[in-house]
Trainee: 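I'd like to ask some things about the structure below.
Computation of the quantities below employed the complete heavy-atom set of this structure, encompassing side-chain atoms and omitting hydrogens, waters and symmetry-equivalent molecules. Each chain gets a letter, A, B and so on, in the order the sequences are listed, and its residues count up from 1.
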Amino acid sequence: MARYNPKETEPKWRQAWASADSFRAVMDPARPKYYVLEMFPYPSGRLHMGHVRNYSLGDVIARFKRARGFSVLHPMGWDAFGLPAENAAMERGVDPKAWTYDNIARMRDELKELGLSIDWSREFATCDVAYYGQQQSWFLDLFARGLVYRREGIVNWDPVDMTVLANEQVVDGRGWRSGAEVEKRKLNQWFLRITDYADQLTDDLATLDRWPEKVRVMQENWIGRSKGLKFAFEFAGSAPAGFGAGLEVYTTRPDTLFGASFVAIAADHPLAEQVAAKDSAAVKFIADCKRGGASQAEIDTAEKMGFDTGFRVQHPFDADRTLPVWIANFVLMDYGTGAIFGCPAHDQRDLDFARKYALPVTPVVLPPGADPASFTVGTEAYTGPGTIFHSDFLDGLEIEPAKAAAIARIEAQGQGDGATVFRLRDWGVARQRGWGCPIPVVHCDKDGVVPLPKSALPVALPDDLEFGKPGNALDRHPTWKHTTCPACGGPATRETDTLDTFVDSSWYFARFANPDAPDPIDKQAADYWLPVDQYIGGIEHAVLHLLYARFITKALADDGQLSVREPFAGLFTQGMVTHETYRRQNGEWVEPGAVEITTEGETRRAVLIEGGEPVVIGDSEKMAKSKKNTVAPGEIFEVYGVDAARLFVLSDSPPERDTQWSTAGVHGAWRFVNRVWEEFESQPTGAAPAGDDEASTALRRATHRLVKQVTEAIESFRFNSGIARLYEFLNLLKANPAAGATPSLLAARQDALSAFARLIGPFTPHLAEECWGRIGGAGMMVEAEWPAFDAALTQDAVKVLPVQVNGKRRGEISAPAGAEPAEVEKLVLDDPEIARRLEGLTIRKVIVVKDRIVNIVAA
RNA sequence: GCGGGCGUGGCGAAACUGGUAGACGCAACGGACUUAAAAUCCGUAGGGCCGAGAGGUCCGUGCCGGUUCGACCCCGGCCGCCCGCACCA
């Protein structure tokens with residue numbers, strides 16, 4: 001019997017699918033549609049195991065839905081702009097464009113090797129001028145809608161990548177790609193008004209019921225909506241210049257206003273700067289504040305520091321009280337108004353500050369049951385529920401009504417309004433880089449910033465950019481930026497900033513509906529295909545890509561270009577592929593291929609294959625070149641075939657969890673592939689329908705059960721469980737071999753194999769085709785319908801019920817499926833073995849759960 | 001500090017709606033085949049105790065308690081780990 005040979009079969013079937021154009025997505029109003037999308041890859045040039053997992057997961061869904069009769073869209077593209085290409089250009093002197101397209105070509109081959117059911121006719125890269133030209137088109141539309149603006153602002157500057165970063169791209173004070181400490185710089189910057197959508201972006205999270213809770217919560221926290229009161233304190237005495245209208249603060253606790261003992265402003269607040277202009281001590285204080293780091297440890301341990309400006313403000317509700325104005329290091333300029341009032345009794349930070357500078361601490365919220373005469377606050381602020389006291393017109397109110405009353409009073413006094421404040425900032429989208437989508441505007445001495453007319457699109461990148469040195473290649477190109485002003489016809493310069501690559505990935509899913517459309521989005525096609533029914537990718541994009549894409553979708557919907565307001569109806573975040581790490585005695589990382597592992601009982605040891613030096617086996621960690629614990633997919637395909645690799649990354653762990661790659665594991669999957677093939681080969685051709693006997697009936701029932709189980713497992717993303725059922729079923733087939741089988745068993749086997757071939761299709765598609773052909777399946781398996789099951793046949797005719805006595809298993813009985821409790825009870829009590837167990841005991845109660853279990857309560 | 005998640009054999013895990021805990025796989029061990037090894041195939045397997053054996057028996061899903069005829073699952077309280085956010089007023 002010939003061993004299954006993936007090197008022969010796998011390319012053959014891929015060729016067959018391509019020839020038949022099996023995966024072309026077609027708008028078919030007669031069928032329900034299903035759009036499966038995995039986050040598109042950055043074309044680094046090499047496929048890694050994370051890709052294998054991501055795209056295999058999506059392919060399972062795509063193939064399954066296809067077999068279930070859906071009209072499936074499953075496209076692929078490339079997130080192709082960005083810094084790695086420029087870095088490669090600098091390091092190796094290559095052209096970023098050529099480098100990128102070379103990488104795409106290589107990765108396309110590798111992805112195609114995976115046997116994915118992708119409609120390759122829709123492929124595009126974001127660096128195709130046909131794509132980014134369309135992006136410029138809708139950018140201008142958003143510009144016209146006032147969603148794009150330019151202003152000077154303090155921005156995050158990555159000194160290594162030499163570009164501006166969005167807040168979302170700064171992690172722990174460092175650039176998300178470079179890891180360099182981010183500097184604050186004042187620059188003219190382009191922004192997208194994502195804050196206009198902050199409310200919707202929060203509210204609509206509730207509609208995303210097929211998103212992981214975790215991601216929704218992360219987005220909600222990131223947007224950080226808070227409701228409170230914005231109001232201005234009037235200055236007592238003459239107001240500083242520019243503060244005639246008072247000093248505006250934001251609070252979520254207007255109910256505690258009578259507990260206020262100071263007002264604090266951020267070190268970079270305009271008033272602080274004004275004070276510093278006249279006071280060298282203030283200058284020094286502000287400098288000290290700015291020196292404090294932004295890291296977690298520094299914030300946790302940072303002491304509260306303050307500087308009394310000497311100004312005093314009037315308490316809004318008490319004409320007899322004034323409050324001092326301090327500059328404080330714990331107040332942030334970029335949240336709220338950059339100024340607060342401090343209520344030490346009910347806010348820990350304010351309390352720490354007040355204790356340090358001996359400011360009054362007046363409790364105004366009385367905890368339930370506390371005595372108003374004796375309640376005091378020591379070193380811990382009280383933030384719990386209670387009743388307001390020491391607060392004039394608010395006395396006796398609970399917190400929420402007191403907030404409302406305080407806001408109403410402030411509004412009546414004309415000093416402020418109830419306000420919603422967000423943590424979310426507008427999205428800074430300009431990057432000072434040459435390898436990106438040019439922002440389609442010009443700068444004219446006469447007309448200022450002028451958006452280009454659509455007729456001037458696309459604004460294409462020049463082919464002769466010079467990337468050999470740091471900085472913006474577009475800006476230093478000798479001729480590209482010089483143009484004429486569309487308004488006055490005079491000389492003008494093009495904007496040389498390009499768009500953040502997250503803009504590129506904020507609408508690609510919509511472009512896939514029709515990638516050749518003359519407009520950015522073919523509305524008719526998008527109306528058919530969108531939203532994406534199942535989106536699959538890593539959790540790392542929870543607040544970056546996924547938030548931006550939601551925003552752009554809403555903005556384009558408001559512009560009439562899209563009908564959906566949410567791009568991704570279902571989101572699945574898959575775990576990483578990890579691998580054990582190995583280190584030599586000197587700490588050097590060692591690649592898995594150089595290590596030999598031996599086991600003695602339960603102890604595993606590792607040595608270098610060359611030289612035998614002992615190696616330390618470390619934790620399983622995300623595959624990374626730096627730790628040398630990567631495994632190249634291509635090498636695995638070469639040895640075990642693509643199907644075995646796909647099967648293993650899907651079988652070992654639930655998809656949302658990390659999965660540990662191991663050679664032994666993929667070997668096990670490969671063994672399964674071979675055993676499946678042997679089973680199909682052993683089946684004689686032409687097994688005809690025949691009568692039933694016990695063995696064939698049991699096999700038929702098991703087949704129906706298998707179909708049910710695998711179907712449900714795929715629908716609920718429990719691929720590992722579904723695959724376990726397939727392994728189990730293969731064991732059952734081997735226990736009912738073709739050799740020596742009765743005609744009826746052979747016929748049951750034939751039906752079982754037919755179902756089995758289709759059930760393994762989503763996981764091991766090449767093998768499935770080969771098996772389908774072997775048992776005489778009509779046409780290609782990929783065109784076959786998903787097998788159906790008969791619910792009645794998923795149950796065995798006779799059930800073995802465990803029998804418990806007082807909750808402990810004491811035996812079992814056989815009963816017909818669906819037997820009534822009374823019937824089962826009689827069977828149990830007639831059973832001699834059970835009777836023996838009950839000797840000397842009085843039966844108090846017999847609980848029979850139909851088809852499940854019997855429990856006898858006895859004493 | 002706030003929020004989310006997780007805790008089950010040597011390992012990855014499974015267990016439907018509260019109903020036989022550990023399916024399936026990896027590693028291991030025993031056997032067959034082989035001159036030998038690899039590969040492959042067959043078998044064993046949570047732990048303790050009793051028994052020559054068939055088998056019996058007790059313990060067991062992070063810990064303590066509760067609800068229930070019955071708890072990995074529900075409730076209360078703790079412990080540990082992972083992830084996200086964080087001086088956000």
Trainee: Rounded to the nearest angstrom, tell me the gap between atom NZ in A/Lys734 and atom P in B/rC42.
Mentor: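 That distance rounds to 6 Å.
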Trainee: Provide, to the nearest angstrom, the distance between the CZ atom belonging to A/Arg718 and the C1' atom belonging to B/rG12.
Mentor: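 Interatomic distance, CZ of A/Arg718 to C1' of B/rG12: 17 Å.
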Trainee: Run the side chain to side chain contact (heavy atoms under 4.5 Å, CB included) test against A/Ala381 and tell me which residues pass, sequence neighbours left out.
Mentor: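 If we apply the side chain to side chain contact (heavy atoms under 4.5 Å, CB included) test to A/Ala381, skipping adjacent residues, the hits are A/Gln348, A/Leu351.
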Trainee: Rounded to whole angstrom units, what separation is found between the CD1 atom of A/Ile853 and the P atom of B/rG19?
Mentor: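 Nearest whole value for this atom pair: 9 Å.
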Trainee: Atom CG of A/Asn720 to atom P of B/rG12: distance rounded to whole Å?
Mentor: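 To the nearest whole Å, that distance equals 14 Å.
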Trainee: Is it the case that B/rA23 (base atoms only) and A/Arg725 (side chain only) share a donor and an acceptor within less than 3.5 Å, ignoring hydrogens and angles?
Mentor: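 Present.
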Trainee: Taking atom P of B/rU17 as reference, at what distance in whole Å does atom CG of A/Asp851 sit?
Mentor: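 To the nearest whole Å, that distance equals 17 Å.
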Trainee: Can you tell me how far C1' in B/rG31 sits from the matching atom in B/rG80, rounded to whole Å?
Mentor: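 One C1' to the other, the span is 43 Å.
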Trainee: Please confirm whether the ring centroid of A/Phe648 lies under 6.0 Å from the ring centroid of A/Trp670.
Mentor: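 Between A/Trp670 and A/Phe648, which both carry aromatic rings, the centre distance is not below 6.0 Å.
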Trainee: If the P atom of B/rA13 is compared with that of B/rG7, how far apart are they to the nearest Å?
Mentor: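 The same atom, P, in both gives a distance of 9 Å.
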Trainee: Mind checking what makes ring pair (Phe, Tyr, Trp, His ring centres under 6.0 Å) contact with A/Tyr357, not counting sequence neighbours?
Mentor: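 If we apply the ring pair (Phe, Tyr, Trp, His ring centres under 6.0 Å) test to A/Tyr357, skipping adjacent residues, the hits are A/Trp326, A/Phe353.
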Trainee: Can the ring centroids of A/Phe719 and A/Phe717 be said to lie less than 6.0 angstrom from one another?
Mentor: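 For A/Phe719 and A/Phe717, the ring centres are under 6.0 Å apart.
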Trainee: Using atom CD1 of A/Ile834 as one end and atom C1' of B/rU20 as the other, report the distance to the nearest whole Å.
Mentor: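 Nearest whole value for this atom pair: 13 Å.
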Trainee: Return the value, rounded to whole Å, for the distance between atom NZ of A/Lys845 and atom P of B/rU68.
Mentor: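 Result: 10 Å.
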Trainee: My understanding is that only residues two or more places apart in sequence, or in another chain, count here; which of them pass salt bridge (Lys or Arg N to Asp or Glu O under 4.0 Å) with A/Asp347?
Mentor: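 A/Asp347 satisfies salt bridge (Lys or Arg N to Asp or Glu O under 4.0 Å) with A/Arg349 once adjacent residues are dropped.
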Trainee: Going 5' to 3' through nucleotides 70-76 of chain B, assign each nucleotide B (protein heavy atom under 4.0 Å from a base atom), S (under 4.0 Å only from sugar-phosphate atoms) or - (no protein heavy atom that close).
Mentor: S------
Trainee: Take atom P in B/rG46 and the same atom in B/rU61, then report the distance between them in whole Å.
Mentor: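 The same atom, P, in both gives a distance of 16 Å.
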Trainee: How does RNA chain B look in dot-bracket form if you count Watson-Crick and G-U pairs under 3.5 Å, write [ ] for pairs that cross, and put | where a base pairs with another strand?
Mentor: (((((((..(((......[....))).(((((.......))))).(((((....)))))..(((((..]....))))))))))))....
Trainee: Sequence neighbours excluded, which residues qualify as ring pair (Phe, Tyr, Trp, His ring centres under 6.0 Å) partners of A/His541?
Mentor: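 Ring pair (Phe, Tyr, Trp, His ring centres under 6.0 Å) list for A/His541, sorted by chain: A/His545.
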Trainee: Rounded to whole angstrom units, what separation is found between the CG atom of A/Asp658 and the P atom of B/rG5?
Mentor: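 It works out to 18 Å between those atoms.
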Trainee: Mapping A/Ser662 and A/Lys808 to their closest nucleotides on RNA chain B, which lands nearer the 5' end?
Mentor: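 Upstream on the strand: A/Ser662.
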Trainee: When you check the gap from the basic side-chain N to the acidic O, do A/Lys734 and A/Glu679 get nearer than 4.0 Å?
Mentor: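 Looking at A/Glu679 together with A/Lys734, the answer is yes, because their closest N to O distance falls below 4.0 Å.
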